Every structure is written in C-alpha cells, then in structure tokens.
Amino acid sequence: MVKRILVLDDNQDILAVVHETLTYENFEVRSTGESDEVMPLVETFNPDLVILDFRVAGTNGGELCRKIKSHPQYSNVPVIIFSAYINHESDILAYGCDAIINKPFDLTELVEKVNNLIS
C-alpha cells in the first residue's frame, strides 16, 4: 500500500522539490502552501506522515504539529518540522514533532528521515 505524505511550506520552490522527490520515492504526496488547509487535509487525505515548515505565513508549524498530535485520531502520525532556526531545536521539539530537518537540507536526509518514521 502506498504511504501518504502531507507537506506544508509557503516557499513554492521548496514545496515543488519536496513534492517531486517524495513522489519519485513512490509516496502519494499532497502539498500546500496554506497553513489553514493543513487540518482539513489531514482529515480528508489521512496522511501516514506530515512535514511542516516551522515559519509559515500566518502561523507557526509547531502549533500545527501540536494540533495534529493532540487530535485523538492523528496523534500517532509522525510529524517532521523544517526549520532554518537550528539554534531553537529544543524549542521546536517541545511541540511534539518526531524529527527536525534543518534548512537548507539535503534530499537524501529528507528521504531517510521519512523512511525511518513511516516504515
């Protein structure tokens, strides 16, 4: 069965590269640049893993992570947070994410972390 991944990033270039990379790795990927679409997509797409940008226009990816993790139906869904703020790693982990990928990131690292969390 194909694993589903939901990706949020307001940088369209990053979103496109991540979407294409994960699709190439045989995942079913839904991408959005809009933070307010994340929870509705979680509920309709039912992802096996969620990737959130930490700093997104209008919100904070950590808060979205906390929402997903506090939802009884989705609390076990692994969440990866992208962050360019490596000095605040412990603050980001406090939101309950399963992994952090520092920006700029290596696509090999992305695929490895996704595979480790989703298998």
Side-chain angles (χ1 to χ4, degrees):
M1 191 161 91
V2 175
K3 299 285 187 178
R4 293 178 304 280
I5 300 175
L6 175 61
V7 183
L8 165 71
D9 201 307
D10 54 1
N11 179 319
Q12 291 303 311
D13 294 334
I14 291 173
L15 203 59
V17 167
V18 170
H19 187 108
E20 190 162 323
T21 300
L22 294 174
T23 300
Y24 179 80
E25 294 291 327
N26 296 313
F27 294 108
E28 183 179 342
V29 184
R30 288 271 171 88
S31 307
T32 182
E34 303 295 325
S35 57
D36 58 352
E37 292 178 2
V38 170
M39 287 313 292
L41 278 169
V42 165
E43 292 167 9
T44 57
F45 183 55
N46 200 21
D48 296 293
L49 182 129
V50 178
I51 300 173
L52 303 169
D53 184 18
F54 186 66
R55 290 276 166 101
V56 182
T59 194
N60 160 332
E63 290 300 330
L64 286 169
C65 174
R66 189 173 281 151
K67 260 188 203 170
I68 294 166
K69 292 296 191 173
S70 66
H71 193 290
Q73 194 173 340
Y74 306 108
S75 60
N76 292 328
V77 173
V79 177
I80 296 174
I81 293 182
F82 283 148
S83 177
Y85 306 93
I86 43 181
N87 297 338
H88 300 104
E89 204 160 291
S90 61
D91 296 343
I92 294 169
L93 287 169
Y95 287 104
C97 65
D98 298 275
I100 298 170
I101 294 179
N102 295 318
K103 287 182 175 179
F105 57 89
D106 180 72
L107 291 175
T108 306
E109 175 193 12
L110 171 68
V111 171
E112 282 175 9
K113 284 198 177 179
V114 165
N115 281 320
N116 287 339
L117 288 169
I118 214 168
S119 56

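None of these values were measured; they are calculated from a predicted model. We use all heavy atoms of the structure for the numbers below, so side chains are in, but hydrogens, waters and symmetry mates are not.
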Report the hydrophobic cluster partners of Val111, with the cluster defined as I, L, V, M, F, W, Y residues connected by side-chain heavy atoms closer than 4.5 angstrom, directly or transitively. none
side-chain hydrogen bond (donor to acceptor under 3.5 Å, both in side chains) filter on Asn76, not counting sequence neighbours, yields none
Tabulate below the donor-acceptor pairs under 3.5 Å that side-chain atoms of residues 39-48 make, not counting sequence neighbours, or state none.
residue : atom : partner : partner atom : Å
Thr44   : OG1  : Pro40   : O            : 3.0
Asp48   : OD2  : Arg4    : N            : 2.7

Interatomic distance, SG@Cys65 vs CD1@Ile81, rounded to 0.5 Å, equals 4.5 Å
What pairs with Tyr74 under side-chain hydrogen bond (donor to acceptor under 3.5 Å, both in side chains), at least two apart in sequence or on another chain? none
Tell me every residue that passes side-chain contact (heavy atoms from CB on, under 4.5 Å) with Arg55, counting only those two or more places apart in sequence or in another chain. Tyr85
Members sharing Met1's hydrophobic cluster, built from side-chain contacts under 4.5 Å between Ile, Leu, Val, Met, Phe, Trp and Tyr, are none
Side-chain contact test, heavy atoms from C-beta onward, threshold under 4.5 Å: evaluate it for Ile68 versus Val50 and give yes or no. yes
Sequence neighbours excluded, the answer for side-chain hydrogen bond (donor to acceptor under 3.5 Å, both in side chains) partners of Lys69 is Asp98
Co-members of the apolar cluster containing Ile5 [side chain, <4.5 Å]: Val7, Ile14, Leu15, Val17, Val18, Leu22, Phe27, Val29, Leu49, Ile51, Ile80, Phe82, Ile101, Phe105, Leu107, Leu110, Val114, Leu117, Ile118
Looking at side-chain heavy atoms only, is the closest gap between Val79 and Tyr95 below 4.5 Å? no
Between atom CG of Asp9 and atom CG of Leu52, what is the distance when rounded to the nearest 0.5 Å? 9.5 Å
Residues in salt bridge (Lys or Arg N to Asp or Glu O under 4.0 Å) contact with Glu63, at least two apart in sequence or another chain: Arg66
Residues in side-chain hydrogen bond (donor to acceptor under 3.5 Å, both in side chains) contact with Ser31, at least two apart in sequence or another chain: His19
Listed partners of Asp91 passing side-chain contact (heavy atoms from CB on, under 4.5 Å), at least two apart: His88
Answer yes or no: is there a donor N or O on one side and an acceptor on the other, between the side chain of Lys113 and the main chain of Ile100, under 3.5 Å? yes
Is any side-chain heavy atom of Asp53 closer than 4.5 Å to a side-chain heavy atom of Lys103? yes
Contacts of Asn26 meeting side-chain contact (heavy atoms from CB on, under 4.5 Å) (sequence neighbours excluded), chain-then-number -> none
